[in-house]
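Here the structure is a predicted model, which means the values were calculated and not measured. Chain identifiers are assigned alphabetically (A, B, ...) following the order of the sequence lines, protein sequences preceding nucleic acid strands; residue numbering begins at 1 within each chain.
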Number of protein chains: 2
Amino acid sequence: MIGLEATVELRTFRYFVAVADAGSVNAAAQALHLTQPSLARQLHRLERRLGLPLLELRGGRTVLTEVGHQFLPYARALLATADATQVAARLLAANLRAEEQLTPEDETAA
Amino acid sequence: MIGLEATVELRTFRYFVAVADAGSVNAAAQALHLTQPSLARQLHRLERRLGLPLLELRGGRTVLTEVGHQFLPYARALLATADATQVAARLLAANLRAEEQLTPEDETAA
DNA sequence: CGAAGTTACGTCCTACGTAACGATT
DNA sequence: AATCGTTACGTAGGACGTAACTTCG
C-alpha cells in the first residue's frame, strides 16, 4: 500500500457523466461551462486513477468504451447520492431555521 | 441562482465523518495525517457551504451538534457509495485485464 | 499550568484558460 | 476546408503546514 489511489472527487465523476450525456467532449465542455482541454485532461486523469479506459476515439468523436458503459451506472449512482446528501443538508438547515423561529432565545426547549 | 453551492467534495465529507468517529478534531487530524488547523478550516468551510452548524465546543472539546448527528448518516452513506464506486472500478479493471489475457491481440472477439 | 482549538501567514499542488498543433471526415 | 481532439504553456484558486495567540479544564 503505497497510496496510489488518491481519492477521485465528485467533480471528476460529474465530468465523465457529462460526456456520456452530451455524446462528445466538446458538447460536455459547453454544458459544464468549461473548455475542451480542461475537460479532456480531467478525463484522462480519471482513467489513470481508475486504471480503466473509459473513452476512445471512434470516427473522430470521443465515445464511451465497453467498460465506460459498464462503469457509467456506478458513477451516476454516486452523483445521485451526492445530490441526495446536499438535499438532506438543505432540509436540515430549513428545519433548523424553523425551530429557531419558534424558540429564538431558548435552545434547551423540548 | 447565483451559484452559491459550489459542490462539496468527498474529501470534505470524509473529514467530517473522521471527526465524528475520532471524537475530537485533534484525534481526527492524526487519523487523517493532517494538522488541526487544516482540518478545522475545512470543517468550517463545510458548515458555511451547507449552512449547517455541524460542530460545537462543549467542555473544551469539539463535538457534533444536534444537526451534526442528524446529518452524519447521510455523509456516511455518501462515502459508502463512493467506496463502492471505487471497488466497482477496480473489479472492472481486473475483469478487463483477464479478458486481455484471453484475447491479447483481438478486441473484436465475442 | 496543560491541552485543545483558532487565527494568521506563507507555500505547494491542482484545476482552469489561452494558444498552437495534429488528426479525421 | 472544417471540426474535434490533443498538447504546451502560463495563471489563479484551494489545500496544507508552521507558528503564535486564546480559551477552557
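Straight-line distance from the CD atom of B/Q36 to the P atom of D/dG17: 10 Å, rounded to whole Å. One atom, CZ of A/R61, and another, P of D/dT3, lie 12 Å apart when rounded to the nearest Å. If you measure from atom CZ of A/R41 to atom P of C/dT14, you get 12 Å, rounded to the nearest angstrom. For the pair B/L43 CG and D/dA15 C1', the computed distance is 13 Å after rounding to whole Å.
Of the residues in residues 20-35 of chain B, those lying under 4.0 Å from DNA chain C by heavy-atom distance are B/S24, B/V25, B/N26. Residues from residues 52-60 of chain B placing a heavy atom under 4.0 Å of any atom in DNA chain C, listed by number, are B/L57, B/G60.
The side chain of A/A40 lies closest to D/dT6, out of D/dT6, D/dG17, C/dC16. Side chain of A/P37, nearest nucleotide from C/dC16, D/dT6, D/dC4: D/dT6. Comparing C/dT6, C/dA15, D/dT6 against the side chain of A/R11 picks out C/dA15 as the nearest.
In the helix from C/dC1-D/dG25 to C/dT25-D/dA1, the end axes, each obtained as the rotation axis mapping the C1' atoms of four pairs onto the next four within a five-pair block, lie 30° apart to the nearest 10 degrees.
For the OP1/OP2 pair of D/dT6 and a distance below 4.0 Å, the side-chain nitrogens and oxygens of A/H44 include at least one atom meeting the criterion.
A donor-acceptor pair under 3.5 Å is absent between the side-chain atoms of A/T12 and the main chain of A/V8, judged by distance alone.
Counting only heavy atoms from C-beta outward, the side chains of A/F71 and A/L50 approach each other to under 4.5 Å.
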